[in-house]
Amino acid sequence: MQDLVAAFHISERQFQKRFARVVGISPQLFIRVRRVNEALRLMHSGWYERLSDVAYALNYYDQSHFIRDMKLFSWVSQWLTKQLMRSAAR
């Protein structure tokens with residue numbers, strides 16, 4: 001986000017306000033939603049065997065933050081997520 005702020009020559013707060021006005025959500029929330037979408041794509045690809053590997057690939061601080069976002073934005077339980085990963089790996 002710092003790169004965008006510098007490119008537009010505005011303050012971080014001004015960027016957040018403009019982003020929220022145009023997109024409808026904060027930049028931080030947008031990033032979290034995009035990370036969950038990318039996690040679902042990676043899980044479906046079969047490239048990763050464990051959820052912790054997906055979380056690490058997407059730079060989550062730890063697996064609990066990853067699981068919290070998955071539950072919040074994908075409405076997929078951890079059990080179902082593991083099942084999806086197993087079926088994608090086959």
Side-chain angles (χ1 to χ4, degrees):
M1 193 163 66
Q2 293 298 328
D3 295 336
L4 290 172
V5 169
F8 290 119
H9 305 290
I10 58 176
S11 70
E12 186 173 339
R13 183 66 186 133
Q14 190 62 34
F15 175 79
Q16 291 171 351
K17 286 181 179 182
R18 290 180 185 187
F19 188 94
R21 186 172 54 236
V22 172
V23 179
I25 58 176
S26 71
Q28 293 83 0
L29 183 58
F30 180 81
I31 291 168
R32 288 176 65 197
V33 170
R34 292 284 300 160
R35 283 170 82 188
V36 168
N37 286 338
E38 182 64 10
L40 292 170
R41 188 187 70 75
L42 290 176
M43 287 186 287
H44 185 67
S45 73
W47 294 342
Y48 298 95
E49 292 183 20
R50 300 183 322 221
L51 290 176
S52 59
D53 295 335
V54 174
Y56 179 77
L58 294 173
N59 298 316
Y60 274 93
Y61 182 72
D62 58 24
Q63 192 171 356
S64 66
H65 285 90
F66 171 69
I67 291 169
R68 181 195 64 202
D69 281 356
M70 288 297 295
K71 286 180 181 179
L72 184 62
F73 299 119
S74 73
W75 303 291
V76 176
S77 69
Q78 186 176 6
W79 178 85
L80 182 57
T81 301
K82 287 179 182 179
Q83 295 300 318
L84 291 171
M85 288 188 69
R86 284 190 194 114
S87 66
R90 292 182 188 152

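Bear in mind the structure is a predicted one, so any value in this text is a computation, not a measurement. Quick note: numbers below take in every heavy atom, side chains included, and nothing from hydrogens, waters or symmetry partners.
In this view, Arg41 and Glu38 satisfy the salt bridge (Lys or Arg N to Asp or Glu O under 4.0 Å) rule, not counting sequence neighbours. Applying the side chain to side chain contact (heavy atoms under 4.5 Å, CB included) test to Asn37 and every residue at least two apart in sequence or in another chain returns Val33.
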Output side-chain donor-acceptor pairs under 3.5 Å for residues 12-20, partner residues at least two apart or in another chain, one line each.
{"unit_1": "Glu12", "atom_1": "OE1", "unit_2": "Gln2", "atom_2": "NE2", "d": "2.9"}
{"unit_1": "Arg13", "atom_1": "NH1", "unit_2": "Gln16", "atom_2": "OE1", "d": "3.3"}

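When the shell of 6.0 Å around CZ of Arg68 is examined, it contains more than 12 heavy atoms from other residues, nucleotides or ligands.
The shortest heavy-atom contact between Val5 and Ser11 is CG1-C, 3.9 Å.
The cationic atom of Arg35 (NZ for Lys, CZ for Arg) lies less than 6.0 Å from the six-membered ring centre of Tyr60 and within 45° of the ring axis.
With a 4.5 Å cut-off on side-chain heavy atoms, Asn59 and Phe66 do not count as touching. Contact check for Phe73 versus Arg32: side-chain heavy atoms found under the 4.5 Å cut-off. Proximity of Leu42 to Leu58: side-chain heavy atoms (C-beta onward) are separated by under 4.5 Å at one or more points.
Note that the CD1 atom of Ile31 and the OG atom of Ser26 stand 8.5 Å from one another [nearest 0.5 Å].
Checked by atom type and distance alone, the side chain of Asp69 never pairs as donor or acceptor with a backbone atom of Leu72 at under 3.5 Å.
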Trace of the side-chain contact (heavy atoms from CB on, under 4.5 Å) decision for Met70 with Met43: CA-CA 12 Å; Met70 288 297 295; Met43 287 186 287; 3.2 Å; yes
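Transitive grouping of hydrophobic side chains (ILVMFWY, heavy atoms separated by less than 4.5 Å) brings Leu4 and Ile25 into a common cluster. Put simply, Ile67 and Leu29 are part of the same group of oily side chains (I, L, V, M, F, W, Y) that touch within less than 4.5 Å, one to the next.
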